[in-house]
Amino acid sequence: MAKEYRTIQEVTGPLMLVKGVENVTYNELGEIELKDGETRRCKVLEIDGPNALVQLFESSTGISLESSKVRFLGRSMELGVSPDMLGRVFDGLGRTIDGGPDILPEKRLDINGLPMNPAAREYPSEFIQTGISAIDGLNTLVRGQKLPIFSASGLPHAQLAAQIARQAKVRGTSDPFAVVFAAMGITFEEANFFQESFRETGAIDRSVLFLNLANDPAVERISTPRMALTAAEYLAFEKGMHVLVILTDITNYADSLREVSAARKEVPGRRGYPGYMYTDLATMYERAGRQKGKNGSITLIPILSMPEDDKTHPIPDLTGYITEGQIILSRELYRKGIMPPVDVLPSLSRLKDKGIGKGRTREDHAATMNQLFAAYARGKEAKELMVILGEAALTETDLIYAKFSDAFEQRYVSQGYRTDRNIEETLELGWELLRILPRSELKRISDALLDKYYAPQDKED
């Protein structure tokens, strides 16, 4: 039986100080029993000799310094895992909230996970098809990669996240595929949108959802992504599944980290965020990857909304250091009605060349990707010149590039949130757009590929 303490010294907001404790460790879970028998959960944040500073998961209302009792459970926060998690919806603390029965766990795992030995990591190499041309064709996602999406307030990252979760698949393998989706600090309306979106397409059957609402405690928000990654590690490395983890919104997570840090009176770092935020984010992001000798893998897409559309803000800045590229959403494209508004020029997938080419996607993928980037960049320059100097100042070639730029945005990038294009459709669409340009302009594609793909395909009678 756990020892009970009646030595609560003070309660300040979400923090509580307990004196005279023995053998209590950092991150250990505790229970507070109120006078009426109600229990609330807490977690040890700091140990200073016989004193423990704990963080409350629920409200501090009703906790009495004289009559409330605290007992520590001798373990950190755990998630009960089982294959039955697929198709279920949980809150940020791993409790079922979909009206179904509780999960009978096969085992219980510490949500902080175990760091993956760098020597045991397998290099990411297999293409994951998201069905979104701007990602598959130009910023390819590879199994085991960490590829964040940088969004901004008011942009449709929720719809994009739901679309990727519904459509993503690993091609050329019969290994089972699962999606673990964690949403932090979202509204009830958004939570409802995600659940309905998964259910209507049947994607819920291969998914595990963790939903933390905006009115839930900040400390629960900090545990939500760790719950999701623990479920992913179990499915990937113990059940051999390819798991795609989508975390949205990391900005809400970081704000909770700042809130807890301020409550602990820690010295703030940049913009008031704790100095250890880089380490904290890295301990989450680095749980993705592939392990040698194991079939399963974890591919991670963290989504964050950049405060004030600022790429240099600490959250996107630190995330960019840890992850392998970024997909950037553009407010300008959103205003033009381009959906999803993926800005392909500043977006980058550092591992894209590892997952494309003959035997993975198609032999022409790398060459057409480079040519589309170059042509779109030149087309945008031509359109900027047109605004400053007028259309008459542009050469005939520049006008063709400007036309290409518009067609590229309208047809390639803008596909809506319900269109699922396979990689062959994306590549063929790329060739259709490149045919707007004269063959002599396609300097990044070999003659052999141009002979094979550039000439308009003969239509069958």
Side-chain angles (χ1 to χ4, degrees), residues 2-3 21 23-32 39-47 52-58 70-86 88 90-96 102-118 120-121 146 178 180-182 184 208-212 216-241 243 245 247 250 253 256-257 260 276-277 279-291 294 296-298 300 302 322:
K3 186 175 178 182
V21 301
N23 302 321
V24 173
T25 57
Y26 169 71
N27 247 351
E28 189 172 331
L29 275 186
E31 282 181 348
I32 306 151
T39 59
R40 294 182 191 167
R41 294 204 282 178
C42 59
K43 182 175 85 166
V44 177
L45 281 186
E46 213 172 277
I47 296 289
L53 181 69
V54 300
Q55 167 110 32
L56 308 173
F57 283 112
E58 289 102 346
V70 184
R71 52 182 169 268
F72 295 98
L73 306 179
R75 57 182 172 84
S76 56
M77 193 177 288
E78 294 173 336
L79 175 68
V81 291
S82 141
D84 299 335
M85 298 177 83
L86 290 166
R88 301 300 303 274
F90 301 86
D91 68 4
L93 294 175
R95 299 172 294 207
T96 54
D102 287 342
I103 297 288
L104 291 173
E106 195 176 89
K107 55 167 69 175
R108 303 192 73 84
L109 298 175
D110 185 336
I111 66 163
N112 296 301
L114 291 170
M116 204 187 294
N117 185 336
R121 282 185 179 273
K146 306 177 286 290
V180 175
F181 186 93
M184 295 154 276
V208 186
L209 275 66
F210 291 86
L211 302 177
N212 163 265
D216 289 331
V219 71
E220 184 177 316
R221 205 154 300 143
I222 292 171
S223 72
T224 305
R226 291 180 168 80
M227 290 279 174
L229 286 159
T230 303
E233 284 170 345
Y234 168 75
L235 294 171
F237 303 131
E238 296 194 27
K239 297 299 171 188
M241 301 179 86
V243 184
V245 180
L247 305 177
I250 294 294
Y253 169 85
S256 294
L257 211 57
V260 171
Y276 53 79
M277 188 165 79
T279 314
D280 191 276
L281 290 172
T283 57
M284 286 198 316
Y285 296 156
E286 292 296 346
R287 290 170 74 172
R290 297 174 59 197
Q291 286 186 15
K294 294 191 178 174
S297 62
I298 298 176
L300 180 64
I322 304 162

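We number each residue from 1, following the sequence as shown.
- At distances below 3.5 Å, not a single donor-acceptor pair connects side-chain atoms of Glu28 with backbone N or O atoms of Val44.
- Within a 6.0 Å sphere centred on CG of Asn23, other residues, nucleotides and ligands contribute 12 heavy atoms or fewer.
- One N or O on the side chain of Arg221 and one on the backbone of Asp216 form a donor-acceptor pair closer than 3.5 Å.
- Atom OG1 in Thr96 sits 10.5 Å away from atom CE in Met85 (nearest 0.5 Å).
- For the residue pair Gly80 and Pro105, the shortest heavy atom distance occurs at CA-CB, 3.6 Å.
- Nearest approach of Ile298 to Ala236, heavy atoms of both residues: CG1-CB, 3.7 Å.
- Between Met284 and Arg226 the shortest side-chain heavy-atom distance falls below 4.5 Å.
- Distance CD1/Ile250 to OH/Tyr285: 4.0 Å, rounded to 0.5 Å.
- Pairing each heavy atom of Thr224 with each of Gly92, the nearest pair is OG1-CA, 3.3 Å.
- For the pair Asp84 and Glu106, the minimum side-chain heavy-atom distance is 4.5 Å or more.
- Leu281 is not listed as a side-chain neighbour of Leu257, based on a closest heavy-atom distance of 4.5 Å or more.
- Side-chain N or O atoms of Glu31 include none that pairs as donor or acceptor with a backbone N or O of Phe72 at under 3.5 Å.
- Atom CG in Asp102 sits 7.5 Å away from atom CZ in Arg88 (nearest 0.5 Å).
- Between Lys146 and Pro302, every side-chain heavy-atom pair lies at or beyond the 4.5 Å cut-off.
- The shortest side-chain heavy-atom distance between Leu229 and Val245 falls under the 4.5 Å cut-off.
- Scanning both residues, Met77 and Phe57, for their nearest heavy atoms gives CE-CZ, 2.8 Å.
- A heavy-atom distance below 4.5 Å is not found between the side chains of Met227 and Phe90.
- Here Glu286 pairs with Arg121 in a salt bridge; the nearest charged N to carboxylate O distance falls below 4.0 Å.
- Atom CD1 in Ile47 sits 7.0 Å away from atom OG1 in Thr25 (nearest 0.5 Å).
- Lys43 pairs in a side chain to side chain contact (heavy atoms under 4.5 Å, CB included) with only one of the listed residues (Val54, Leu56, Asn27), which is Asn27.
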- prompt: Checking salt bridge (charged side-chain N to carboxylate O under 4.0 Å, His left out) for the pair Glu238/Lys294: CA distance, chi angles, key distance, verdict?
  reply: CA-CA 9 Å; Glu238 296 194 27; Lys294 294 191 178 174; over 6 Å; no
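- Counting only heavy atoms from C-beta outward, the side chains of Ile111 and Glu78 never approach each other to under 4.5 Å.
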- request: Please report the C-alpha distance between Asp91 and Leu211 in whole Å, then the side-chain angles of each, then the deciding distance to 0.1 Å, and finally whether the side-chain contact (heavy atoms from CB on, under 4.5 Å) criterion is met.
  value: CA-CA 5 Å; Asp91 68 4; Leu211 302 177; over 6 Å; no
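- Distance check, rounded to the nearest 0.5 Å: CZ of Arg108 to OG1 of Thr230 gives 11.5 Å.
- Expressed to the nearest 0.5 Å, how far CG of Leu109 lies from OH of Tyr234 amounts to 8.5 Å.
- Taking 4.5 Å as the limit, some side-chain heavy atom of Leu93 sits within range of a side-chain heavy atom of Ser223.
- Nearest heavy atom pair, residue Ser256 against residue Ala218, reads CB-O, 3.7 Å.
- Although no hydrogens or angles enter the test, the distance criterion places no donor-acceptor pair under 3.5 Å between the side chain of Arg287 and the main chain of Thr283.
- When all heavy atoms of Asn212 and Pro217 are compared, the closest pair comes out as ND2-O, 4.4 Å.
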